[in-house]
Structures are given as structure tokens and as C-alpha cells.
Amino acid sequence: MRDGAGTTQITVKKEGTDPALFRCLTETPRESVVEVVGSLRRSSRAHRGFEVVPSSAEVIAPADVPLPLGVVDRVNVELDTRLNHRVLDLRKPAVREVFEIRAALLAGFREAFARRGYLEVETPKILRQGAEGGATLFPIDYFGGRAFLAQSPQLYKQMLIGAGFERVFEIAPAFRAEPSDTVRHLTEFTSLDAEVGYVSGPADVIDELEAVVRHAVGAVAERWSAAGRPLPAGWPDVAAPFPRIPFREAAEWLGRSGPPRDFGTDDERALGEIVDRKFGAPMYFLTEYPSAVKASTFYARRLDDRPDVTGYFDLDLRGLEIASGGLREHRRDRLEANVRAAGLDPASFAGYLEAFRYGMPPHGGWGLGIDRLVQSLCGLSNVREARLFPRDRYRLEP
Ligand code: AMO
């Protein structure tokens, strides 16, 4: 029998057992909810060192047969089948552990932010305008008008810096109409966003992100080791400083020439292997993203002394992009020029731009995909496995 605390062996012998009780325990379909009353007996063969000898049993909620998915069988089932019957799938201890790690990780992040003086905030998810490009916006009918689901809290976390909050973070859903069917994209994901005021350069932001990731990942490792639980194979060691590799250098390693282009999935994977060979580091920053690559990211600030480069970076874990962020443009005239240059109308960002009219400190921040981080930490091949009930282009159920 299994419950939230683990499994216990119930042992029953045909001889000497009430026939109705024996039938109940041997013929009730697997996965049914059953209440058993009995006495404990030491047993060297039972995995917990004891077993229960039942005196009565009651079926509280029988399970249908056949089960669409074996919970205790060691048979490999397609991910789609698992997700179609997710409630049964989540009963598997190894699947459940992913969500225990996920919860511990979020607790670790919250602890790190609290210690560093960040305020937890919640920003609106129904918006008039998106910040991350029109292609992945989900339009919704809003009382006969049009609104969008938030792709990120980008504009609002910046506005809160204008409100004098200085250090904020948010852990919330983000929505993107992502048409591509990949192992790293969802249409609903959890974004861990932070924004920090009065930064003097990109390194201040990178230092903050590195510190909270190290704390959160380390906190999970500590809790698991204190409980004597093994961590998933390949759990990264995050104690050493994360290498910081300028975009230009990474492009050279990949043998790239010509005008800078953003890294694709294969480039990121190849870089992960190169960084592993060069530094033996699972986590690393790609820094100094070229302005040409970030042209549509209107809130990104170009470096004053090198306008061809932004204060933008990615954080990768073994070839998977986990977070991106950087230094923001806090000067209103330049920000408006960036909005225009990105082909957008400043009038549709009026509420955001107003925040830059009454004194906006220099600031920066990042967005980190919790699902991707959990995917990578737990060694899952598909990001869908890191969410309880994932959403993608083809999946709205369960
Ligand atoms: P970006 O668009 O790079 O940056 O997103 C930040 C992080 O969110 C995760 N992510 C996703 N995870 C799963 N499915 C998706 N479809 C998906 N899209 C993004 C990734 C990514 O690194 N506003 C900026 C952040 C900032 O500058 O503060 C932004 O949204 O892990």
C-alpha cells in the first residue's frame, strides 16, 4: 500500500484468513483507495523492516480496470500517454520527486531574495500591450475589446523600480503563443523575474542572479542530503564562480564569422560542451550581447562607450538557456527612440513610458525559466515533465 509517506507491505496468507478479507486484498484493482486495519510485525523481507498483518480491509474508492498507465510497472511509456493520464503518472515516486525538488527550489529562491532585501511582487497578467514581440502574444477578448496574456512582467517590474522599490522579484506564470513543438518551449511557463535599481553595470545584475541561483540550487542539495535522499544524477556543482563569456568570444569558439546572429539551440548545445571542456563548469553566462542581436528588445541598454554592445546576457546550464536579462535603458528619450526603432508605437506604451518621466534610477534584471531549470537539474529530456499539467500548442487537457 502507498500513501504520501511511502509504501508499506501488507502480508496476507490464504490459510487462516477470512475469505472475504483475502478476496478484498487480492482482487481489488491496483491503485484503488483502501483502508486496512491490522497489526505490525517485524519482517526481514519487507523493505521497511516490518509488515502489516490485516484484520479488516475496506475499499473506499475502487480504481477502474484496466489502468491506462502502470504506476508501479517498470515499463517505459510515451510521454504523451503519461501526460494524458497525468494524475496516475504523478503517483510514481520518481515523478513526484520532480515536484518536491521544484517546490524546494522555489523556497530556496524566496529565501535568497528575502536575505538580499528583495520585495516579492505580483504584476498584472492581462495586458494592453506585450513586451517580448508580437509573434508570441495571446490575444484575449476583453469585454468586446482586445487584451493580451502577459508574456513576461518586464514592463511592470521596471515600473516598480520607478516606484522606488529598488529590489523586486516575482514568480508567476508567463504565456507565449509559441508554435514550435520543442522539448524546451511551453505556452505557459513559470518565470522568476527580478529587477534591481541603482546598478552601475551589467556585472551588478549578473552577480545578483549568480548569488540567488547558487543559494537556491545549494539549498535543495542541502535538504536532500540532510534527509539522506540521493539527488538526481548529474546534479550540478554550483559552488565555483560561473564563467562569464562575452558573446564575441563564444561566437569565435563556434567558428562563426560575419555580422553577429543570435545563437540557436544547436549553437547553445555546442557551447555547453565547449564550456564544459574549457572550464568544467555546468553554469555560465554569455555576456555582452551585440546591439544588432537585441534590436527588438527595446528596453535593453546599449553600453555608453560601446554602442554596438548591450548590457545583456544569458545564463545557460549545460547548453540550455535558463535565464536572460541585462541592463535597461532608463533614459526616456533613448527608450522612446528604441521603441520606435523596434517598429513599435510609443503611444501604446504610454503607461510604461510615463514611469520614466519622473525620475527613473539606472536598473537591470532578469527572467529565469523555472521549468527549464527544473528540467535540467532533474535530467528530464522534455520541459513538459517539469510541469504538473503542461500546456503547449496541442495540449489543453488535462
Ligand atoms: P526571455 O524571453 O529570454 O526574456 O525569457 C526568459 C526565460 O524564460 C524562459 N522561457 C521559456 N520557458 C519555457 N517555454 C517558453 N516558451 C519560454 N520562453 C522563455 C527561458 C528564458 O531564458 N523580459 C525578458 C527577461 C528580462 O530581460 O528580464 C524575457 O522575457 O528560460
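Each ligand, and each atom within it, is numbered from 1 in the order the structure gives.
With atom 28 (O) of ligand 1 as the reference point, the heavy atom nearest to it among Glu321, Arg328, Arg372 is part of Arg328. Residue nearest to atom 2 (O) of ligand 1, selected from Lys157, Arg176, Gln151: Arg176 (by heavy-atom distance).
Scanning the protein heavy atoms around atom 31 (O) of ligand 1, the nearest turns out to be Ile322 O, 2.7 Å. Among all protein heavy atoms, the one lying closest to atom 6 (C) of ligand 1 is Gly367 O, 3.4 Å. For atom 24 (C) of ligand 1, the nearest protein heavy atom (residue, atom name, distance) is Tyr299 OH, 3.5 Å. The protein heavy-atom contact nearest to atom 26 (C) of ligand 1 is Gln154 OE1, 3.2 Å. When hydrogens are left out, the protein atom nearest atom 8 (O) of ligand 1 is Phe189 CE1, 3.4 Å; that is the closest non-hydrogen contact.
Not a single heavy atom of Gly326 lies less than 4.0 angstrom from ligand 1. Ligand 1 is approached by Leu186 to a heavy-atom distance shorter than 4.0 Å.
Here's the thing with Ser191: none of its N/O atoms is less than 3.5 angstrom from an N/O atom of ligand 1. By the 3.5 Å distance cut-off applied to N or O atoms, Glu132 is counted among the residues near ligand 1.
At least one donor-acceptor pair under 3.5 Å links the side chain of Ser348 to the backbone N or O of Asp345.
With ligand atoms numbered from 1 in the order given, ligand 1 contributes 1 (P), 3 (O), 4 (O), 22 (O), 25 (C), 26 (C), 27 (O), 28 (O) to contacts under 4.0 Å with heavy atoms of Ser324. Heavy-atom proximity to Ser152, at under 4.0 Å, picks out these atoms of ligand 1: 23 (N), 30 (O).
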For Phe247 and Tyr312, what are the C-alpha separation, side-chain angles and deciding distance, and is it a ring-ring contact (aromatic ring centres under 6.0 Å, His included)? CA-CA 10 Å; Phe247 184 98; Tyr312 258 66; over 10 Å; no
As a quick check of understanding, evaluate ring-ring contact (aromatic ring centres under 6.0 Å, His included) for Tyr284 and Phe242, giving each step before the final call. CA-CA 5 Å; Tyr284 47 92; Phe242 303 174; 9.2 Å; no
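Judged as a ring pair (Phe, Tyr, Trp, His ring centres under 6.0 Å), and not counting sequence neighbours, Phe189 has no contacts. Remark: Phe113 engages Tyr118, Phe169 in a ring pair (Phe, Tyr, Trp, His ring centres under 6.0 Å) (not counting sequence neighbours).
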